[in-house]
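Keep in mind that this is a model prediction, so the values were computed, not measured. Starting from 1, each residue takes its place in the sequence as its number.
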Amino acid sequence: MTSHHQEVLTSLVARYEILVSIQDRIVEHDRRFGLASEVDEGLLERLFDSLGKARIAARSAKSPVFRSLHSY
């Protein structure tokens, strides 16, 4: 895995973290005012799941085993 790919994955994780944070604030705000939306909560859940997958990919890209498997 090239350092460019690692940078892209790191950037992706950072962006997902920002999106999850923003969406979480939206959901919490709406809940406080009794405006909870299944759509907003569903989006938060999907973003959180995607963040987890992005973190796994980023960690895997940094591991020596991953790099050796993809260096061919």
I'd like to know if the side chain of Thr10 reaches the main chain of Gln6, judged simply by a donor and an acceptor atom lying under 3.5 Å from each other, with no hydrogens or angles considered.
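Yes; at least one donor-acceptor contact below 3.5 Å.
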
Do [X] and [Y] land in one hydrophobic cluster if side-chain heavy atoms of ILVMFWY residues count as linked below 4.5 Å?
{"X": "Val13", "Y": "Ile56", "value": "no"}
{"X": "Ile18", "Y": "Tyr16", "value": "no"}
{"X": "Leu51", "Y": "Leu19", "value": "yes"}

Just checking Glu17: does its CD atom have more than 12 heavy atoms from other residues, nucleotides or ligands closer to it than 6.0 angstrom?
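More than 12 heavy atoms, drawn from other residues, nucleotides or ligands, come within 6.0 Å of this atom.
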
Supply the atom-to-atom distance Arg15 CZ to Ser11 OG, rounded to the nearest 0.5 angstrom.
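That separation rounds to 4.0 Å.
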
Measuring from atom CD of Gln23 to atom CG of Leu43, what distance do you get when rounded to the nearest 0.5 angstrom?
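Output value for this atom pair is 4.0 Å.
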
Decide whether Arg46 and Ser50 meet the rule of one side-chain donor and one side-chain acceptor closer than 3.5 Å.
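Result is no, nothing qualifies.
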
Taking all heavy atoms of Ala54 and all of Leu12, pick out the closest pair and write down the distance.
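Looks like CB-CD2, 4.2 Å.
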
Looking only at heavy atoms, which two atoms of Asp40 and Val27 are closest? And how far apart?
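Minimum heavy-atom contact is O-CG2, 3.7 Å.
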
Partner residues of Arg31 under the salt bridge (Lys or Arg N to Asp or Glu O under 4.0 Å) criterion, sequence neighbours left out
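Testing Arg31 for salt bridge (Lys or Arg N to Asp or Glu O under 4.0 Å), a comparison that skips the adjacent residues, returns Glu28, Glu41.
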
Please identify each residue that fulfils side chain to side chain donor-acceptor pair (under 3.5 Å) with Asp24, with sequence neighbours left out.
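Side chain to side chain donor-acceptor pair (under 3.5 Å) check on Asp24 returns nothing, list empty.
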
